[in-house]
Amino acid sequence: MKYLIPDAIVPSVLEIDLAALQDRGLKGLLIDIDNTLVPWGNPQMDQALARWIETAKAEGFQVCLVSNALPERTQSFAELLGIPAVGRAMKPLSRAFRRGMELLGLPAGQVAVVGDQLFTDVFGAKRLGLYAILVDPLSTVEFGFTQVMRKLERRMLRRLARRGLVDAASIKSRLGRD
Ligand SMILES: [Mg+2]
């Protein structure tokens with residue numbers, strides 16, 4: 001269960017405190033695409049989110065996309081943002097996160113993973129010793145399997161909150177759905 005405890009929970013990528021990450025010695029970000037940067041299946045990224053990536057780069061962060069989406073979709077966003085990407089990542093398997101770290105040229109202790117799913121993004125990150133930031137999903141539209149996982153995810157988050165392992169207020173917005 002310790003691999004399911006995010007280091008930070010924020011409503012949106014836009015609310016990630018980059019200065020606080022730098023204070024922790026974090027220099028690289030491996031960022032999920034679907035429902036983290038772009039509503040699931042959507043072809044377009046919100047300007048504010050694209051600008052946030054630019055800001056992170058300008059602040060000195062190395063940024064790479066790590067997505068379970070097909071390489072074509074992953075690559076189109078990577079090109080748009082001018083950053084590398086690992087597609088068809090099969091998160092939570094370690095391989096893609098390791099590849100992302102390789103592309104960033106950074107060790108585990110300096111890399112944060114940003115994503116909207118507990119069992120793929122957070123679990124994958126924590127197992128490798130990476131800092132894990134959980135964001136609320138941008139959209140509730142998801143394919144069937146993910147919807148099932150969301151139920152389990154909400155159950156787990158409630159359990160973690162009851163045990164005081166995550167801040168109950170920070171997960172409130174995710175839990176209003178069942
Ligand atoms: Mg996602």
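Both counts, for ligands and for their atoms, begin at 1 and track the order of listing. Below, each value reflects all heavy atoms present in this structure, side chains not excepted, and no hydrogens, waters or symmetry copies.
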D116 N/O/S atom closer than 2.8 Å to the Mg ion (ligand 1): yes

SB check R150 E153 (cutoff 4.0 Å): yes

Salt bridge present between K126 and D7 (N-O < 4.0 angstrom): yes

Output, in order, the C-alpha distance, side-chain angles, deciding distance and verdict of salt bridge (Lys or Arg N to Asp or Glu O under 4.0 Å) for K172 and D136. CA-CA 10 Å; K172 221 174 159 186; D136 287 355; over 6 Å; no

Provide the atom name of the closest N, O or S atom of D34 relative to the Mg ion (ligand 1). O

For D32, what is the atom name of its N, O or S atom nearest to the Mg ion (ligand 1)? OD2

Report yes or no: does Q62 contribute a side-chain atom to a donor-acceptor pair with the main-chain N or O of L104 at less than 3.5 Å? yes

